[in-house]
Amino acid sequence: MAVVAPPAVSQPCDGPLFPGEKYPAGDGPQSVSLGDLDGDGDLDLVVANAFSDDTSVLLNNGDGTFAAHTRYAAGDGPSSVSLGDLDGDGDLDIVVVNAFSDDTSVMLSSGEGTFALQRRYATGDQPLSLSLGDLDGDGDLDMAVANWMGDDTSVLLNNGDGTFASETCYGSGNGPRSISLGDLDGDGDLDMAVANEFSDDTSVLLNDGDGTFATQTRYDAGTGPRSVSLGDLDGDGDLDMAVANEFSENTSVLLNDGDGTFATQTRYDAGDGPVSVSLGDIDGDGDLDMAVANEFSEDTSMLQNNGDGTFATQTRYGAGLAPQSVSLGDIDGDGHLDMAVTNRYSDDTSVLLNNGDGTFATQIRFAAGDRPESVSLGDLDGDGDLDMAVANGGSDDMSLLVNYGDGTFAAQPRFAVGDVPESVSLGDLDSDGDLDMAVANFASNDLSVLLNTGGATFDSQARFATGNGPWSVSLGDLDDDGDLDMAVANRYSDDTSVLLNNGDGIFAPQARYTAGSGPFSVSLGDLDGDGDSDMVVANRFSHDTSVLLNSGDGTFDSQIRYDAGDGPLNVSLGDLDGDGDLDMAVANGLSDDTSVLLNNSDATFGSQTRYGVGNRPLSVTLADIDGDGDLDMAVANFNSNDVSVLFNNGEGIFASQIRLAAGDNPSCVSLGDLDGDGSLDLVVANGSSDNISTFINKCSSSCPADLNGDDVLSFFDVSVYLQLFLAQDPAADFNNNGTIDFIDVNAFLDAYNAGCP
């Protein structure tokens, strides 16, 4: 069965789920540049605000955090900002292109991060992009401007004092949207590369040496190229091109033949609506990587260079609403390149700090044992917050990480269990009011039970026999006597073990029930609505799931099997379509997708629908991540070192994934409120980096009509919504039914009139 491409589903959040730090700017920030504006040695931010006709200057506090912005008037609709020493006094000045007044604003620095009033210079029709460089070889910085509606570029030569001569225009393709300068043909002067949005190509204009330019040569790119950057991507000493293609959702890489001509493009997947690309050595290996701002998926893509100008699969990080521009620089002074992203509709910038290895600090990682395989969350010490229990498959023990109360965790104590623990579940097994641990030990064919003596201290384990190769354990009251029993998926004996609790945390010998081939995961829930817990088992080698219905006394009927994807490894149960019964979500490790099987209300299931995720998904968890009242999916992808989050539209149909970088080989994902703010955070066990990643959820659904995220409803929110509606942007689908019509306008106005709490 083919993997479906579901419709976009609007999130009921006024911001992204897992962002970096965000700082207010003006209205509609469109472009961001980095530079040391106040001469203190760290990088500050300058932002072009398209709707408030000004620029924001945010000075760095020295640690990667920023002071409140100062704003300076520009022209009408500033769309791009660049920094350079225009008047030769040693400090950085600001240049802004103004799309609606057809000019550029120059603001000369007064020193210490303050700026003089603008002086404006005419350009072509609707300029959208600007680059600075010494085009005529006289030692000062000139301007090259891409005029979107004029199908040309303007060159304005500097008089040497930060004032500029009148423009000279040169033809380009249709809808030039972005311009970059570099010596493309190796003759020592700066040439132009232009991304042409409407003709789906790039223009290369070679400099004659005096700031005049030869006729353009054009090269195919993707659909809707919005941004072009230059850099030596293949290490051969000349400048290549990287182009962000908004509508084909990818980037084009065009390698230079050495003389300013370019090979045919190679394209690489990005997020939804890539609109800006920047190049830099993000992972510290000596070559240039790509950072891409994705407008419609509200995130950034990072693509690591293999060293030869080819690129690895993207890793994505959350940003704000409608990111427009991404810049790279060492923001926190640790020697690594960080990202700054402008978010057009949330009126802020996201700052994502580099961990030093090309991953970014949306996550926090905590040490565990050797090869952590499974993590469960619960209040183990009785202080009201969620702690972590981690099964370490390589060190044959359990790690306990106690929450300080703010989503950070104390150093772990470790507890010995059986051989190769693969799964841990938490529950009150001895009915004394605290949470105990049940652990499936794959290589010793048994379960370890560790009873909590209070305060997150545990008795020595008791061990109970299972089938061959226990891989997953779940807890539930299977015999209706009020205590928790255990169900275990046995990988090598193709069955499940049921161990009934005597009431004191001691368990009767197992009863075993046949499942499919290679059962890897078991989940419990009332599938048929008769009040007792049934079993669902994911069978890796028979590519299906087994459903075993409870007879009411902890014994089970024979299995019924349902097709899943290739190599199902994990199954979770929840009411995905809001009809009151439990449905299935299955992580398919070999087909890189998840299967959703909806319950017909009688414990029979319809045909699966499949959704693409990362590479080799091992774990799927269901929870209301975005606060809209339905269950979403979080999936741990072992081979792609990330987590996929898929949002439910309320009917059991899921939006395309967003991906969050984790540690090495994540094998399990859990959800819980780690920082006490009422939203669900992610916890991931990273099997090969011997640690745990946490992602703190910043989603808020309290005021869905607050489109700029300022907790105040104003005419600006109405203006933003109308722009989304007129553009038929997926975010305008306010009732999440897959179409954008006037019913959505009414839904928005109802939410607007309801106000914010």
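- Put simply, CG on Asp338 and NE2 on His336 are 9.0 Å apart, with the number rounded to the nearest 0.5 Å.
- At a threshold of 4.5 Å between non-hydrogen side-chain atoms, the residues Thr300 and Pro323 do not count as touching.
- Under the side chain to side chain contact (heavy atoms under 4.5 Å, CB included) criterion, Ala50 pairs with Gln30, sequence neighbours left out.
- Across Thr202 and Ala195, no two heavy atoms sit closer than the pair CG2-CA, 4.3 Å.
- No donor-acceptor pair under 3.5 Å is formed between the side chain of Ser33 and the backbone N or O of Val46.
- Shown here are the ring pair (Phe, Tyr, Trp, His ring centres under 6.0 Å) partners of Phe247, two or more places apart in sequence or in another chain: there are none.
- Distance check: Asp91 CG to Leu86 CG gives 10.0 Å after rounding to the nearest 0.5 Å.
- Ser131 is linked by a side chain to side chain contact (heavy atoms under 4.5 Å, CB included) to Ile179, Leu181, counting only residues two or more places apart in sequence or in another chain.
- Heavy atoms only, all atoms of each residue included: Leu43 and Phe66 are closest at O-CE2, 3.6 Å.
- Leu206 CG to Thr215 OG1: the interatomic distance, rounded to the nearest 0.5 Å, is 10.5 Å.
- The minimum heavy-atom distance between Arg267 and Ser252, with the atom names listed, is CG-OG, 3.4 Å.
- Sorted by first and then second residue, the ring-ring contact (aromatic ring centres under 6.0 Å, His included) pairs with a member in residues 80-118 read Tyr72-Phe115; sequence neighbours excluded.
- Legend: salt bridge (charged side-chain N to carboxylate O under 4.0 Å, His left out) pairs involving residues 116-139, not counting sequence neighbours, sorted by first then second residue: Asp103-Arg120.
- Under the 3.5 Å distance criterion, the side-chain polar atoms of Glu112 are left unmatched by any main-chain donor or acceptor of Ser110.
- Side-chain contact between Val292 and Leu303 is present, with at least one heavy-atom pair separated by less than 4.5 Å.
- Applying the salt bridge (charged side-chain N to carboxylate O under 4.0 Å, His left out) rule to pairs touching residues 169-182 yields Arg177-Glu197, sequence neighbours excluded.
- Listed by chain and residue number, nothing satisfies the salt bridge (Lys or Arg N to Asp or Glu O under 4.0 Å) test with Asp142 (two or more places apart in sequence, or in another chain).
- Listed by first and then second residue, the salt bridge (charged side-chain N to carboxylate O under 4.0 Å, His left out) pairs involving residues 245-262 are Arg226-Glu246 (not counting sequence neighbours).
- Atoms CE and CG, from Met107 and Leu83 in turn, are 11.0 Å apart once rounded to the nearest 0.5 Å.
- Side-chain contact check for Gln314 versus Asp269: some heavy-atom pair is nearer than 4.5 Å.
- For the atom pair CG of Leu45 and CG of Asn60, the computed distance is 7.5 Å after rounding to the nearest 0.5 Å.
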Could you walk me through whether Leu328 and Met339 pass the side-chain contact (heavy atoms from CB on, under 4.5 Å) check?
CA-CA 5 Å; Leu328 296 170; Met339 280 195 270; 3.4 Å; yes
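- A donor-acceptor contact shorter than 3.5 Å is absent between the side chain of Ser105 and the backbone of Val96.
- For Ser154, the side chain to side chain contact (heavy atoms under 4.5 Å, CB included) test picks out Thr123, Val145, Asn147, Leu156, Glu167, Cys169, with sequence neighbours left out.
- Counting only residues at least two apart or in different chains, salt bridge (charged side-chain N to carboxylate O under 4.0 Å, His left out) contacts with residues 317-328 are absent.
- Applying the side chain to side chain contact (heavy atoms under 4.5 Å, CB included) rule to Ser31 yields the partners Ala48, Ser80, Val81, Ser325; only residues at least two apart in sequence or on another chain are considered.
- The side-chain heavy atoms of Asn245 and Thr223, taken from C-beta on, include no pair separated by under 4.5 Å.
- Here the closest non-hydrogen pair linking Gly309 and Val253 is O-CG1, 3.9 Å.
- Checking side-chain atoms of Asn98 against main-chain N and O of Asp102 turns up no donor-acceptor pair under 3.5 Å.
- Annotation: ring-ring contact (aromatic ring centres under 6.0 Å, His included) contacts involving residues 150-176, sequence neighbours excluded, comprise Tyr121-Phe164, Tyr170-Phe213.
- Counting only heavy atoms from C-beta outward, the side chains of Thr168 and Thr212 never approach each other to under 4.5 Å.
- Ala146 and Pro176 get closest at one heavy-atom pair: CB-O, 3.9 Å.
- Between the side chain of Ser297 and the backbone N or O of Asp272, at least one donor-acceptor pair lies under 3.5 Å.
- Of the possible polar contacts, none joining the Ser178 side chain to the Ser227 backbone as a donor-acceptor pair under 3.5 Å is found.
- The line from CG of Asn49 to CG of Asp27 is 7.0 Å long, rounded to the nearest 0.5 Å.
- Remark: the backbone N or O of Gly175 is paired with a side-chain donor or acceptor of Asp151 at under 3.5 angstrom.
- In plain terms, the two heavy atoms of Ile282 and Ala291 that are nearest each other are CD1-CB, 4.1 Å.
- Under the 4.5 Å side-chain criterion, counting only non-hydrogen atoms from C-beta, Thr251 is in contact with Met290.
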